[in-house]
Amino acid sequence: MPRTTPSNAKLLEIADRIPTPFHLYDAEGIRANAKRLREAFAWDPGFREYFAVKATPTPAIINLLKREGCGVDCASYTELKLAERCGLSGEFIMFSSNMTPAAEYKLARELGAIINLDDVTHVDFLRDCAGVPEDICLRFNPGGDFMLGNAVMGSPGEAKFGMTRPQLDEAVSALKQCGAKRFALHSFLASNTTDDTYYPTMARTLFRTAMELSDSHGVEFFMINLSGGIGIPYKPDAREADIAWIGEAVRNVYDEIIKPSGMRVSIATELGRYMTGPYGWLVSRAIHKKEIHKNYIGLDACAADLMRPAMYGAYHHITIPGKENLPPDHLYDVVGSLCENNDKFAIDRPLPRVDIGDLVVLHDTGAHGRSMGYNYNGKLRSAEVMIEGDGSFRMIRRAETMEDYFATTAGFE
Ligand SMILES: *Cc1c(COP(=O)(O)O)cnc(C)c1O
C-alpha cells in the first residue's frame, strides 16, 4: 500500500513542464502515512508527531503535516523561524538542539517551544540567556551500545547527544530550583531501523527512568519523546516497519510501567525519514554515457541534490521510466558532474540499457534528500514539486538561480 511511484506518463508530463532535476513529493502518500502513525498511537489521546524539520524543511510539506495534526522538531534558529512562518508555536514545536547558541534558546522561549535540554550544563546556560520554562524536556544518553537482541543498533557511548543517567538527576534538581514544574524525557538511540522492537525497547528504558526520576524528585512527567529513527525500506526487498504493531507494543510497555502511577504522560515522536522518505523521488535525466574502465551514466543531478550516497554509501533504488520490463542486463556507475569521485548515486548497479535523454528516477529521497543539498562546484539546488492524488502538480520551491548564488558575495568591485 505505501508508496506508489507516479506513472511514467505523469513523470514525463511533469518533466516536460519542469526542467530536470527536481525533487517530487507525493502529497497523498504522505497524508496516508501520517494517518497510519496517528492510528497506531490513537490509544494515547495526547500523542503527537513532531516532524523532524531537517528531513524536509519545505513549507508546503510542513503545512501538509500540520493539517494532519503534526508539530515540528527544530534544531536551529532558521528551523524555528520556518516553524513560526508555518504558523506553529507553543507545544507544537519541540526544540531538540545540541551545543545550542543563546539566540536559539531565546527564540525557542519566545515561541513557547518545548525545549529539549541536551546537557546538564545547559540548565544554567538557559536560565541565564532565556529563563527556564515550567515545562521542560531532558535528553538521555544511556552510553555503551544500544542492543536489540544480539544486534548492535547504535553506539550512544560514542554519540555527542544527551546527558548521562546521574546528570539527569542533577538536571532535574537544578531545574526545579529554577522553577521548572513538569518534565519530559527524550532519547535517540538508533537511526533508520526497521526492527520493530526499537521503539518499545527504548520506551521501556525511558518510562522506567522517568518513573525513577519522578519518585526521587517528586516531579511530574508530562511527555516521553521517542524521537526519530524508524527506518524505511530503501532496497526493494527490505522489510517495512509495522507501525501498527509498534504502537501496540509501546502501549503494552506504557500499561505496564506508566499506567499504575496514574500519571498523565503523553507519547511524542520526532520522525523524519519515516514520514516523508518513501514519498519523494529525485527525477533526473541521463545526459552522458561514458565507457572507460567502467561504464558510467552521467546525470543532470549530482550529489549536491542528494548527498546520502556520497556521504555514507547509502542505497537509493533507481528506475528508468518506460524500461521497467526490460532486463537489468547492464552494469553502470550512475554519477553526477561534481569534481569529486564520490559523486556516485550508484556503483555497479544492474539496470536496463540507459540511453541519453532517458529519465532516471532515484527513489526514497523524500527525507534527508534535498535538505542535505549544498553548492559545491557552484551547483544550484534543484526545485521541489508536489503531486496530488488527482494527478495535479505544482512547484513548491523553485530551483536556485545564479542570483541566489551570488546574493551572499561581495568583492567583485
Ligand atoms: C534527525 C533527528 C530526528 C529525525 O530522525 P529520522 O531518522 O529522520 O527519523 C528526530 N529527532 C532528532 C533530535 C534528530 O536529530
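Whatever order the structure lists them in is the order used to number ligands and atoms, beginning at 1.
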Q. Can you say whether the rings of Phe41 and Trp43 are parallel (under 30°), tilted (30 to 60°) or perpendicular (over 60°)?
A. tilted
Note to self: Does any N or O of ligand 1 fall below 3.5 Å from an N or O anywhere on Asn192, backbone included?
What the structure shows: no
Does some non-hydrogen atom of His368 fall short of 4.0 Å from ligand 1?
yes
Could you tell me if Arg370 sits above the aromatic ring of Tyr25, with its cationic atom closer than 6.0 Å to the ring centre and no more than 45 degrees from the axis?
no
dist Tyr374:OH -> Cys302:SG (nearest 0.5 Å) comes out at 6.5 Å
For Ser227, the ligand 1 atoms with a heavy-atom partner under 4.0 Å come out as 10 (C), 11 (N)
Atoms of ligand 1 under 4.0 Å from any heavy atom of Asp73, numbered from 1 in the order shown, are 10 (C), 11 (N), 12 (C), 13 (C)
query: When you measure from the side chain of Ser214 to the backbone N and O of Val219, does any donor-acceptor pair fall under 3.5 Å?
result: yes
Exercise for the section: Would you please indicate yes or no on a ring centroid separation below 6.0 angstrom for His316 and Tyr234? Expected result: yes
Within 4.0 Å of some non-hydrogen atom of Gly272, the atoms of ligand 1 are 4 (C), 6 (P), 8 (O), 9 (O)
If we number the atoms of ligand 1 from 1 as shown, the ones under 4.0 Å from a heavy atom of Ser96 are 13 (C)
Interatomic distance, CG@Leu282 vs CG@Leu24, rounded to 0.5 Å, equals 10.0 Å
Check the pair Tyr274 / Arg36 against side-chain hydrogen bond (donor to acceptor under 3.5 Å, both in side chains), numbers first and verdict last.
CA-CA 11 Å; Tyr274 178 80; Arg36 274 195 292 277; 4.6 Å; no
If you measure every N or O of His186 against every N or O of ligand 1, does any of those distances drop under 3.5 Å? no
For atom 13 (C) of ligand 1, the closest protein heavy atom turns out to be Glu270 OE1, 3.4 Å
If we number the atoms of ligand 1 from 1 as shown, the ones under 4.0 Å from a heavy atom of Ala52 are 3 (C), 4 (C), 10 (C)
At under 4.0 Å between heavy atoms, what of Phe188 touches ligand 1? The answer is side chain
Within 4.0 Å of some non-hydrogen atom of Arg273, the atoms of ligand 1 are 6 (P), 7 (O), 8 (O), 9 (O)
Validate the cation-pi geometry between Arg48 and Phe92: distance from NZ or CZ to the six-membered ring centre under 6.0 Å, angle to the ring axis within 45°.
yes
For atom 7 (O) of ligand 1, the closest protein heavy atom turns out to be Gly229 N, 3.6 Å
Checklist entry - Taking the six-membered ring of Tyr315 as reference, does the NZ or CZ atom of Arg349 fall below 6.0 Å from its centre and within a 45° cone about the axis? => result yes
**Asked** Can an N or O of Arg139 be found at a distance shorter than 3.5 Å from an N or O of ligand 1?
**Response** no
When distances are taken from atom 14 (C) of ligand 1, the protein heavy atom at minimum range is Lys54 NZ, 2.9 Å
